[in-house]
Amino acid sequence: MQSWADLPAELLESILSRLILADNIRASAVCRRWHSVASDVRVVNQSPWLMYFPKFGDCYEFYDPVQRKTHTFELPELNGSRVCYTKDGWLLLYRPRTHRVFFFNPFTRELIKLPRFEMTYQIVAFSCAPTSPGCVLFTVKHVSPTVVAISTCYPGATEWTTVNYQNRLPFVSSIWNKLVFCNGLFYCLSLTGWLGVFDPVECTWSVLAVPPPKCPENFFAKNWWKGKFMTEHEGDILVIYTCCSENPIIFKLDQTLMKWEEMTTLDGVTLFASFLSSHSRTDLIGIMRNSVYFSKVRFYGKRCISFSLDDYRYYPRKQCHDWGEQDPFENIWIEPPKDFSACM
């Protein structure tokens, strides 16, 4: 007769990874082996969920990559709108027919209106939840290679403020959002990989004299400018370059030497990449760490496409994807509330 201590490692990890934090800690006291496995898979942070925008109807699906479950909400408030960005559990949405811009929290159903604004090719982001002090919205589009138009707004404002800025270096707006708010600044990646920085307090704009990340020649394939993702983690700016037939390359901006460095490990961090908003997390279950999770689910909603830097391969196998062909408004990563059951 075998004891519980003799469970195969894969089965033990699968069981312990599904426990809530309190039960995981209790299980880790069983024996040294259980303690080691429980510590590796312990979840002390929450993964973002993948929110799907339907082509028709008001039924929205939310996919949890940790539990591999899908939750469904009816959200008629979003009818006729398209998603622009997400942060702190809030969506920023735009109605093209009416030029209406608004915040919406799909878990609490709170809605905050903003002044009308015509968004054409701008990329847009906001600094923090609209219920927090200091929330700022930021959009940028190039007028010419040396001039950009930057528009800002905030909850409670009656209109948007637009100012043209000169660039010392050429800057052409990227396709979809390569835009993050980090250390009080908005960082924006241009179409060709140059980094623009906007200070919403000082109202200053500059293009950093940092050469774009270097990529292999075979990355310059069809739609190469679309298969890029950008996020931040604890003050670091991260960029993910993808190509349909190659493994992703991840770069971090060295803000001391002012150059891009290729990363061979994420030191346990998990990145969640989507066209309109990307996120980072620490302390997720062991199998998710040191990986990039993309906004595509396979096997009837049972598994996200991911890339492991530990194994240097995609999961599931042979799931490299031409991200340039994907509809950017199809889905987006969003942070669910800590107590999701209270929203049901």
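What you see below is based on every heavy atom in this structure, not just the backbone, and it leaves out hydrogens, waters and symmetry mates.
Phe198 places none of its side-chain heavy atoms less than 4.5 Å from the side chain of Ser206. Proximity of Trp90 to Tyr85: side-chain heavy atoms (C-beta onward) are nowhere separated by under 4.5 Å. No side-chain heavy atom of Phe104 sits under 4.5 Å from any side-chain heavy atom of Glu110. Side-chain contact between Gln166 and Val147 is present, with at least one heavy-atom pair separated by less than 4.5 Å. The closest side-chain heavy-atom distance from Leu12 to Arg33 is below 4.5 Å. For the pair Trp194/Leu169, a side-chain contact is recorded, criterion being any heavy-atom separation below 4.5 Å from C-beta on. Counting heavy atoms from C-beta outward, Ser47 and Pro65 have side chains that approach closer than 4.5 Å. In this structure, the side chains of Phe103 and Leu137 come closer than 4.5 Å at one or more pairs of heavy atoms.
Looking at Ser151 and Thr162, their side chains do bring a donor and an acceptor atom within 3.5 Å of each other. Looking at Tyr94 and His99, their side chains do bring a donor and an acceptor atom within 3.5 Å of each other. A donor atom on one side chain and an acceptor atom on the other are found under 3.5 Å apart for Trp205 and Asn167. Thr270 and Asn290 share no donor-acceptor pair across their side chains, judged by distance under 3.5 Å alone. Judged purely by distance below 3.5 Å, without hydrogens or angles, the side chains of Glu202 and Thr204 never pair a donor atom with an acceptor atom. Residues Tyr187 and Asn183 bring no donor and acceptor atom of their side chains to less than 3.5 Å of each other. Remark: the Ser280 side chain and the His233 side chain contain an N/O donor-acceptor pair separated by less than 3.5 Å.
A donor-acceptor contact shorter than 3.5 Å is absent between the side chain of Asn331 and the backbone of Met51. At least one donor-acceptor pair under 3.5 Å links the side chain of Arg281 to the backbone N or O of Gln46. Side chain of Asp254 to backbone of Thr256: a donor-acceptor contact under 3.5 angstrom is found. Judged purely by atom type and a 3.5 angstrom limit, Arg116 uses its side chain to pair as donor or acceptor with the backbone of Thr98.
Heavy-atom minimum distance, Arg95 versus Ser81: CG-CB, 3.8 Å. In terms of heavy-atom proximity, Ala129 sits nearest to Cys135 at O-CB, 3.6 Å. Pro328 and Leu276 get closest at one heavy-atom pair: O-CD1, 3.5 Å. Scanning all heavy atoms of the two residues, the minimum distance from Ser306 to Phe294 falls at CA-CD1, 4.5 Å. When all heavy atoms are compared, the tightest approach of Cys188 to Leu179 is CB-CD1, 3.7 Å. Summarising the geometry of Leu266 relative to Ser291, their closest heavy-atom pair is CD1-O, 3.8 Å, with the distance given to 0.1 Å.
Put simply, SG on Cys59 and CG on Leu75 are 8.5 Å apart, with the number rounded to the nearest 0.5 Å. The structure places CD1 of Ile15 at 11.0 Å from CD of Glu13, a figure rounded to the nearest 0.5 Å. Taken to the nearest 0.5 Å, the CG atom of Asp267 stands 12.5 Å off from the CZ atom of Arg289. Atom CG of Leu114 is separated from atom CD of Glu159 by 13.0 Å, given to the nearest 0.5 angstrom. Thr70 contributes atom OG1, which lies 12.0 Å from atom CD of Gln67 (distance to the nearest 0.5 angstrom). Remark: Met119 CE to Thr139 OG1 distance equals 6.0 Å, nearest 0.5 Å.
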For this session: Apply side-chain contact (heavy atoms from CB on, under 4.5 Å) to Phe102 and Leu92, showing your working.
Result: CA-CA 6 Å; Phe102 63 101; Leu92 179 64; over 6 Å; no
For this session: Evaluate side-chain contact (heavy atoms from CB on, under 4.5 Å) for His71 paired with Glu61, printing each intermediate quantity in order.
Result: CA-CA 6 Å; His71 306 275; Glu61 293 184 342; over 6 Å; no
For this session: Given side-chain contact (heavy atoms from CB on, under 4.5 Å), test Thr131 with Ile112 step by step and report yes or no.
Result: CA-CA 9 Å; Thr131 51; Ile112 298 175; 4.2 Å; yes
Problem set entry | Verdict with reasoning, Trp260 to Val210, per side-chain contact (heavy atoms from CB on, under 4.5 Å) | CA-CA 8 Å; Trp260 292 100; Val210 180; 3.7 Å; yes
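Hydrophobic clustering places Phe329 together with Leu93 (ILVMFWY residues linked when any side-chain heavy atoms are closer than 4.5 Å, directly or through intermediates). Phe117 and Val143 end up in different hydrophobic clusters when Ile, Leu, Val, Met, Phe, Trp and Tyr side chains are linked at under 4.5 Å. A continuous path of hydrophobic side-chain contacts links Val30 to Leu11 [ILVMFWY only; heavy atoms under 4.5 Å]. Follow the hydrophobic side-chain contacts under 4.5 Å out from Val101 and you never reach Tyr154; the two are in separate clusters.
Of the candidates Tyr52, Phe53, Trp49, Phe107, Tyr60 forms a ring pair (Phe, Tyr, Trp, His ring centres under 6.0 Å) with just one, namely Phe53. Each of Ser277, Pro48, Ser278 was evaluated against Trp333; a single residue qualifies, Pro48, per the side chain to side chain contact (heavy atoms under 4.5 Å, CB included) test. Only one option out of Tyr315, Tyr312, Tyr241 pairs with Phe307 in a ring pair (Phe, Tyr, Trp, His ring centres under 6.0 Å); it is Tyr312.
The aromatic rings of Phe138 and Phe186 sit parallel, their planes meeting at an angle under 30°, below the 60° perpendicular limit.
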